[in-house]
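It should be emphasised that the depicted structure is a prediction, and the values quoted were computed from it without experimental measurement. Here is how names work: the chains are called A, B, and so on, in the same order as the sequence lines, proteins then strands, and each is numbered from 1.
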2 protein chains.
Amino acid sequence: MRRDSKLSGVLHVLLHMAQQPGPFTSETLAKAMDTNPVVIRRIMAGLREIGYVRSEKGHGGGWTLACDLSKVTLRDVYDALGSPSLLAMGNRTEAPGCLVEQAVNAALDEAFHDAEALLLSRLGEVTLEMLSDDFRKRLGSRKPQGMSAHRV
Amino acid sequence: MRRDSKLSGVLHVLLHMAQQPGPFTSETLAKAMDTNPVVIRRIMAGLREIGYVRSEKGHGGGWTLACDLSKVTLRDVYDALGSPSLLAMGNRTEAPGCLVEQAVNAALDEAFHDAEALLLSRLGEVTLEMLSDDFRKRLGSRKPQGMSAHRV
DNA sequence: TCTCATATAACTTTATATGTTACATGATGG
DNA sequence: CCATCATGTAACATATAAAGTTATATGAGA
């Protein structure tokens with residue numbers, strides 16, 4: 001199954017933005033992400049509605065961070081994307097008349113629910129700031145002489 | 001994203017088979033599952049290789065359970081299906097040169113891994129026999145006067 | 001008013017789960 | 001033996017959704 005990588009993508013964008021003051025055009029971000037500007041606008045739209053980023057049109061426009069990185073968790077970002085389903089597996093039918101299937105669904109649902117809850121909880125423990133710090137640490141150990149530039 | 005329902009489907013088949021002695025033809029099972037016989041053969045192939053079911057050709061042939069239901073867990077069945085990926089989300093790129101993406105991946109991977117581990121652990125706690133017992137309990141409370149037939 | 005940049009709808013591409021058809025193989029019963 | 005039944009499997013078709021692309025509208029500077 002093709003795996004949704006919007007969360008991974010959005011975090012990538014946000015972290016890039018956190019390394020230097022904005023604004024960043026969709027085209028710039030798209031190049032860094034090796035994708036299309038429209039894709040960037042699409043995944044950023046949810047974040048804008050919630051106020052994590054702002055967008056400006058025209059000359060000197062683009063995307064700007066508008067949140068406290070230490071207060072936004074990966075869970076928050078996930079929710080801003082519309083809380084897409086986390087699991088690649090599901091029940092064959094959700095409200096089956098077949099009692100066998102009901103028994104199967106009940107068992108699977110419990111396991112699925114627990115796993116989802118744990119994942120959301122873990123995402124809620126990590127802030128964007130923690131990610132940014134981790135990035136800078138990686139940058140430091142790779143290029144001890146400076147940290148103004150980094151490969152995309 | 002479309003969710004994989006092979007596990008749900010296989011369990012459904014196995015539980016149906018557990019309610020009465022076999023063998024069952026792919027066509028019979030397909031009707032009960034509202035799908036195609038070839039689909040049944042496809043999802044049963046993995047189980048046969050591991051020895052959870054047997055298949056016989058020709059007259060009187062079909063699929064037969066060949067395992068101790070109390071010893072086979074949902075995790076075992078999942079593995080027999082080839083251990084398909086459990087999560088609907090993944091990293092944009094797995095081995096990125098970008099340090100930002102490495103930081104993102106590291107954080108997500110940890111959360112993803114923990115959730116997968118929990119899910120597998122939960123699946124490992126449930127045996128086919130437990131599911132079968134649960135089914136019979138549901139059947140009993142719905143049709144107290146007998147338990148030879150059930151809706152599909 | 002020209003250029004830049006976002007906003008968004010519509011469309012295309014790609015991946016993959018699922019469904020279907022066709023034919024081969026082997027087992028059983030007459 | 002040979003007709004029938006059933007699995008085994010490859011090949012093809014369909015459905016759905018993620019991701020990419022194109023086109024056009026809108027608004028903000030210079």
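In the hydrophobic clustering of ILVMFWY residues, with side-chain heavy atoms under 4.5 Å counting as a link, A:Leu69 and A:Val13 come out together. Hydrophobic clustering, with ILVMFWY side chains joined whenever heavy atoms are under 4.5 angstrom apart, keeps B:Met33 apart from B:Val39. Note: the hydrophobic cluster containing A:Leu118 does not contain A:Leu7 (ILVMFWY, side chain heavy atoms under 4.5 Å, direct or indirect links).
Distance, B:Leu81 CG to C:dT16 P: 18 Å, rounded to whole Å. What separates CD1 of B:Ile40 from P of C:dT20 is a distance of 12 Å, to the nearest Å. Atom CG in A:Leu47 sits about 15 Å away from atom C1' in C:dT6, given to the nearest Å. In this entry the distance linking CG of A:Asn36 with C1' of C:dT14 reads 15 Å, nearest Å. A:Met44 has its CE atom 17 Å from the C1' atom of C:dT8, to the nearest Å. One interatomic measurement links the two molecules: CZ of A:Phe24 to P of C:dA5, which rounds to 14 Å at whole-angstrom precision. In this structure, CZ of B:Arg48 is placed 7 Å from C1' of D:dG8, rounded to the nearest angstrom. Rounding to whole angstrom units, CD of residue B:Glu56 and C1' of D:dT7 are separated by 10 Å.
At least one side-chain nitrogen or oxygen of A:Ser55 sits closer than 4.0 Å to the OP1 or OP2 atom of C:dA7. Proximity of A:Thr35 to the phosphate of D:dG20: a side-chain N or O atom is located under 4.0 Å from OP1 or OP2.
Between A:Arg75 and A:Asp79 a salt bridge is recorded (basic side-chain N to carboxylate O distance below 4.0 Å). The pair A:Asp133-A:Lys137 fails the salt-bridge criterion, with no side-chain N (NZ, NE, NH1 or NH2) lying under 4.0 Å from an Asp/Glu carboxylate O.
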Side chains of residues 40-59 of chain B: which donor-acceptor partners sit under 3.5 Å, not counting sequence neighbours?
unit_1: B:Arg41; atom_1: NE; unit_2: B:Ser26; atom_2: OG; d: 3.3

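Within 3.5 Å, a donor on the side chain of B:Arg42 pairs with an acceptor on the base of C:dG19, or the reverse.
For the pair B:Lys6/A:Met89, no side-chain contact is recorded, criterion being any heavy-atom separation below 4.5 Å from C-beta on. Contact check for A:Tyr78 versus A:Leu120: side-chain heavy atoms found under the 4.5 Å cut-off.
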I'd like a list of close polar pairs between nucleotides 22-24 of chain C and the protein, N/O only, cut-off under 3.5 Å.
none

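The CG atom of B:Asn105 sits 5.5 Å away from atom OG1 of B:Thr93, with the distance rounded to the nearest 0.5 Å.
A:Arg54 comes within 4.0 angstrom of no nucleic acid atom, judged by non-hydrogen atoms across all strands. Contacts of A:Gly62 with the nucleic acid, taken as non-hydrogen atoms under 4.0 Å apart, involve only primed sugar atoms and P, OP1 or OP2.
Taking the C1' atoms of five terminal pairs at each end of the helix from C:dT1-D:dA30 to C:dG30-D:dC1, the two resulting helix axes are inclined by 10°, rounded to 10°.
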